[in-house]
Protein chains: 2
Amino acid sequence: MNKLQIVKPEDIEKRSMEIITSELNGRTWPEPQFSIIKRCIHTSADFEYADNLCFSKGAAEIGIKALRNGASIVTDTEMAAAGINKKKMEEYGGKIYCFMRDADVAEESVKRGCTRATVCMEKGADIRGEVIFAVGNAPTALVRLYELIQIGLKPTLIIGAPVGFVNVVEAKELIMETNIPYIVPKGRKGGSNIAATICNAMLYYKG
Amino acid sequence: MNKLQIVKPEDIEKRSMEIITSELNGRTWPEPQFSIIKRCIHTSADFEYADNLCFSKGAAEIGIKALRNGASIVTDTEMAAAGINKKKMEEYGGKIYCFMRDADVAEESVKRGCTRATVCMEKGADIRGEVIFAVGNAPTALVRLYELIQIGLKPTLIIGAPVGFVNVVEAKELIMETNIPYIVPKGRKGGSNIAATICNAMLYYKG
């Protein structure tokens, strides 16, 4: 047991961030991007996020401002919805939506032969006010968002972080071709944990 | 849009598993470990899980059998709880417990100056019948489990998958020193997604 460091619960995150900063060997990014990058590494212990996270110009600032103004978050995974800090969202007046388990979504997706995530994004597109889409699972969610953007949808920000092997890379690239603000871990990596973490990094940001 | 492969929703997972198997370049493991390894890679797009996942002898078989017999799962993260397949668990008669948001857990952890995860594991230790602990966040949860095992706790299986930089490596090693069956991604990596995925891989396993 004596190999364990004695660190108070409230100091663990601080100490972790110091280790991450130190292992980045002096690499640094402007804020608030740097905070988001560090939190993605903190959540995954994967330093690849230092290289793969792409931000459109001002995307992080736009997301932070929108969340403080009570923007909603729509996500394609229950895990991401569970991971986003509800207390902070409530404080700012924002809501978190995930429609993946809705009966009408299941029904519609079977009828149309599409994924449930596709239908979820359509439901999300009907939400009024500022909306951040945080995609942590399905590339088809990003493809549907791309199509909706072509016909006029203007989400505040897209966090495009599906993970996987089929159409993930391509779907992320589609989103990066639009003029909608985005935060995207390029390549195959991402996931519900990363989508939630990016939201939380913006919610926690002080500055 | 024409870079996207046309894959039916129901075929995406199958195609992903084929890609993973192919990129493992002929590396293979006995089942059911192989299914668990592939699903961890599927969830993270991180092939490091092929190298870091450690199974005590028969651990995967023990977990699968226990789940089929209605074992409970106790986890230290709401995200993992949200990610574990509820339908499958219900089918087998098992329950998923996460006590992290319980008021008494918060109160007790403040009083004792420990993490909420520590108190959660103690609550989990009181559950009757077969219990699988799926730790996806807090190394302190593993440390508390280790201590409880020293005084007689005998969980069916420990999925030791916290992620991070402070005491994570050491806490995993502690669990691997016990005689309790374990599945552990050695090193810093892990997370709620990995803890949930290991549970799901066991729930989905056919064989």
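In this text the structure is predicted, and so the values were computed from the model without any measurement. Each chain gets a letter, A, B and so on, in the order its sequence line appears, and its residues count up from 1.
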(message) Between A:R112 and A:E108, does any NZ, NE, NH1 or NH2 come within less than 4.0 Å of an OD or OE carboxylate oxygen?
(response) yes
(message) Taking side chain as everything from C-beta outward and backbone as N, CA, C, O, which of these in A:T77 sits under 4.5 Å from a heavy atom of chain B? Side chain, backbone, both or neither.
(response) neither
(request) Please look at B:E48 and chain A and tell me whether the side chain, the backbone, both or neither of the residue comes under 4.5 angstrom of a heavy atom of that chain. (result) neither
(message) Pairing donors with acceptors under 3.5 angstrom, does anything connect the side chains of A:S35 and A:E31?
(response) yes
(request) For chain A, find which of B:V163, B:N167, B:V166 contributes the most heavy-atom pairs closer than 4.5 angstrom. (result) B:N167
(request) Name the member of A:R101, A:R116, A:E13 that forms the most heavy-atom pairs with chain B at distances under 4.5 Å. (result) A:R101
(message) Taking side chain as everything from C-beta outward and backbone as N, CA, C, O, which of these in A:K86 sits under 4.5 Å from a heavy atom of chain B? Side chain, backbone, both or neither.
(response) side chain
(message) Does B:K95 form a side chain to side chain contact (heavy atoms under 4.5 Å, CB included) with B:E90? I'd like the steps, not just the answer.
(response) CA-CA 7 Å; B:K95 282 200 174 136; B:E90 277 167 21; over 6 Å; no
(message) So, taking the atom named CZ in B:R188 and the one named OG in A:S44, what distance separates them when rounded to the nearest 0.5 Å?
(response) 11.0 Å
(message) Can you tell me which of B:D46, B:V169, B:I12 forms the most heavy-atom pairs within a distance under 4.5 Å of chain A?
(response) B:D46
(request) With a 4.5 angstrom heavy-atom cut-off, could you sort out which part of A:I19 is near chain B: side chain, backbone, both or neither? (result) side chain
(message) Just so I understand: if I count every heavy-atom pair under 4.5 Å between each of B:E177, B:E23, B:M17 and chain A, which residue has the most?
(response) B:E23
(message) Under a 4.5 Å cutoff for heavy-atom pairs, which residue among A:E78, A:E170, A:K189 has the most contacts with chain B?
(response) A:K189
(message) Does this structure show an ion pair linking B:D76 with B:R144, if we count only N-O contacts that are shorter than 4.0 Å?
(response) no
(request) Measure distances from B:A138 to the heavy atoms of chain A and classify the residue's part below 4.5 Å as side chain, backbone, both or neither. (result) neither
(message) Any side-chain to backbone donor/acceptor pair from B:Y92 onto B:A66? Under 3.5 Å, distance only.
(response) no
(request) Answer yes or no: is there an ion pair linking A:K123 with A:D104, defined by an N-O contact shorter than 4.0 Å? (result) yes
(message) Whether B:K38 engages the ring of B:F34 as a cation-pi pair (distance to the six-membered ring centre under 6.0 angstrom, angle to the ring normal within 45°) should be assessed.
(response) yes
(message) Need one label for A:I41: side chain, backbone, both or neither, based on atoms under 4.5 Å from any heavy atom in chain B.
(response) both
